[in-house]
2 protein chains.
Amino acid sequence: VGYSLYLDLVENLRNGQTRHDFPLGDEEKRCRHAIELAKQGKQVALVCSGDAGIYAMAALVYELIDREPCRIAVEVHPGISAFQMASAKVGAMIGHDFCCISLSDLLTPWVTIERRIKAAAEGDFVISFYNPRSLKRTDQIVKAFDILRPHRNADTPVVLASNLGRPEEKVRIIRFDEFNPEDVDMLTLVMVGSSQSRAFKRGDGKTYAYTPRGYAKKMEAR
Amino acid sequence: VGYSLYLDLVENLRNGQTRHDFPLGDEEKRCRHAIELAKQGKQVALVCSGDAGIYAMAALVYELIDREPCRIAVEVHPGISAFQMASAKVGAMIGHDFCCISLSDLLTPWVTIERRIKAAAEGDFVISFYNPRSLKRTDQIVKAFDILRPHRNADTPVVLASNLGRPEEKVRIIRFDEFNPEDVDMLTLVMVGSSQSRAFKRGDGKTYAYTPRGYAKKMEAR
């Protein structure tokens, strides 16, 4: 059971396994369908991309079985979320304390999101923004950068990553002051470094970025 | 190359592959050894547990090749970090915005850590604490809960997880006001819910916990 695009990515569908395709959106319907099949005694995989536990279907399934108890067994199998792959592709951006914030205000009031961005800015976290922008929602990422600006240097590395792990994968490191909201769409992960994050060029001509845990400072202190 | 305990977990060491065992601690020495072998033209895997990018060796390797440039290719392969597995084991605790904070003040000054805990408390994140306690460091997790107390209800779910994915795995959900620092050691991950996180008992008698993304509120609003 899943969004068609994700089911297409599943390799080796075995004999006897049936695809239950759903369109984008209406996550509740998708989860209810999976739960219904399980109630009928079927073994069901509700397929998500990234980590099923992170901005995906696991929480909704638990929400539904909390409100409407039923006798099905549920197991969550974690996966690699976009922020982990983005960090790995550019180096080691999440090498120290980090947070993830979804900018979608479809289900969360904007005041709550704004409070989180302020807290993350003041707490000097490496921040990954999920759902930064949609066709109808273009303001949020602009506001987020406005909140962050007083707390981050102009050269703070920012990672823009889309289609991670797919042939169309695109990952870029830019400076905080180079950020252009037009470069971002619904499928982009935007990761803003902490005050300690650093970008540097290697001999291969490519730029890498990481957030040190403090070993270098320790070396200097010796 | 890696900490012996992690190398023991590697299955199917292939012919021609050599183990380079290192004791716990002195991460710099371990990373330098891996870099040296790579410089000699060897293909090297620096093995970490969890995600190599999260509180592990990836950032230190990038720190070292930033300070002392060399001509080796580096690839980071992300993995499942303890907070993801802990969340999955109990349900879906990281179903909404979350952060990770290391409480180790070996490399990070306590004032910085304290500022992060305050920010995470005010931002209402689901918070995962790594390195909550060691034999010498017993204060930090107590202070962390003191900072969080005014911002979290007494019944906020707290997850204590250790030895995730190993035979000795132990995962418990308790209430915020039941937290006892004596139940925590160096290898425990401590995850504190947000104001929205919820624990509930299922028909199997077990307690599960999740952080809703807001679908239920949306349903009510209809």
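In what follows, every heavy atom counts, from backbone to side chain, and hydrogens, waters and symmetry copies are set aside. Since we're looking at a predicted model, the values are computed, not measured.
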B:Ser194 versus B:His96, side-chain donor and acceptor atoms under 3.5 Å
no
Any salt bridge between B:Arg32 and B:Glu28, counting N to O under 4.0 Å?
yes
With a 4.0 Å cut-off on N to O distance, would you call B:Arg149 and B:Asp146 a salt bridge?
yes
Salt bridge (charged side-chain N to carboxylate O under 4.0 Å, His left out) against B:Lys201, all qualifying residues, sequence neighbours excluded
none
Residues in residues 40-51 of chain B that sit under 4.5 Å from chain A, counting heavy atoms only
B:Asp51
Contact class of A:Leu103 relative to chain B, heavy atoms under 4.5 angstrom
neither
For the candidates A:Gly203, A:Ser102, A:Pro69, which exhibits the highest count of non-hydrogen atom pairs separated by less than 4.5 Å from chain B?
A:Ser102
Looking only at A:Ala52, A:Ser87, A:Gly79, A:Ala121, most heavy-atom pairs under 4.5 Å shared with chain B are made by A:Gly79
Distance to the ring centre below 6.0 angstrom and angle to the axis at most 45 degrees; does that hold for A:Arg213 and B:Tyr55?
no
Non-hydrogen atoms of chain B under 4.5 Å away: do they reach the side chain of A:Phe125, the backbone, both or neither?
both
Does any backbone or side-chain atom of B:Tyr62 lie under 4.5 Å from a heavy atom of chain A? Answer side chain, backbone, both or neither.
both
Heavy-atom proximity to chain A below 4.5 Å, by part of B:Ser104:
side chain
Charged N to carboxylate O below 4.0 Å: is that the case for A:Arg166 and A:Glu169?
no
Which bit of A:Val74 is near chain B, if near means a heavy-atom gap under 4.5 Å: side chain, backbone, both or neither?
both
Residues in salt bridge (charged side-chain N to carboxylate O under 4.0 Å, His left out) with B:Glu114, at least two apart?
none
Lys/Arg-Asp/Glu bridge criterion (N-O < 4.0 Å) met for B:Arg175, B:Asp155:
no
Cut-off 4.5 Å, heavy atoms of chain A, and the answer for B:Phe83 is side chain
Heavy-atom pairs under 4.5 Å with chain B - which of A:Ala120, A:Ser81, A:Gly95, A:Ser128 has more of them than the others?
A:Gly95
Which one, B:Glu122, B:Arg198, B:Glu75, leads in non-hydrogen pairs under 4.5 Å with chain A?
B:Arg198
Contact part of B:Ile117 toward chain A, heavy-atom cut-off under 4.5 Å: side chain, backbone, both or neither?
neither
Distance from A:Arg30 atom CZ to A:Leu60 atom CG, nearest 0.5 Å?
9.5 Å
What part of A:Phe98 is in contact with chain B, defined as an atom under 4.5 angstrom from a non-hydrogen atom: side chain, backbone, both or neither?
both
Within this structure, what is the CG-OG1 distance for the pair B:Asp124 and A:Thr112, rounded to the nearest 0.5 Å?
8.0 Å
Options B:Thr211, B:Ile65, B:Asp204, ranked by heavy-atom pairs under 4.5 Å with chain A, top entry:
B:Ile65
Paired with A:Met191, the side chain to side chain contact (heavy atoms under 4.5 Å, CB included) test is passed by just one of A:Ile173, A:Leu160, A:Ile127, A:Ile94, namely A:Ile94
Contact leader toward chain A among B:Val126, B:Val61, B:Val76, where contacts are heavy-atom pairs under 4.5 Å
B:Val76
Can you tell me how far CD1 of A:Ile54 sits from CG of B:Asp97, rounded to the nearest 0.5 angstrom?
11.0 Å
Applying ring pair (Phe, Tyr, Trp, His ring centres under 6.0 Å), can you list everything that pairs with B:His20, at least two apart in sequence or on another chain?
B:His33
Go through the atoms of A:Arg202 and report whether side chain, backbone, both or neither lie under 4.5 Å from a heavy atom of chain B.
side chain
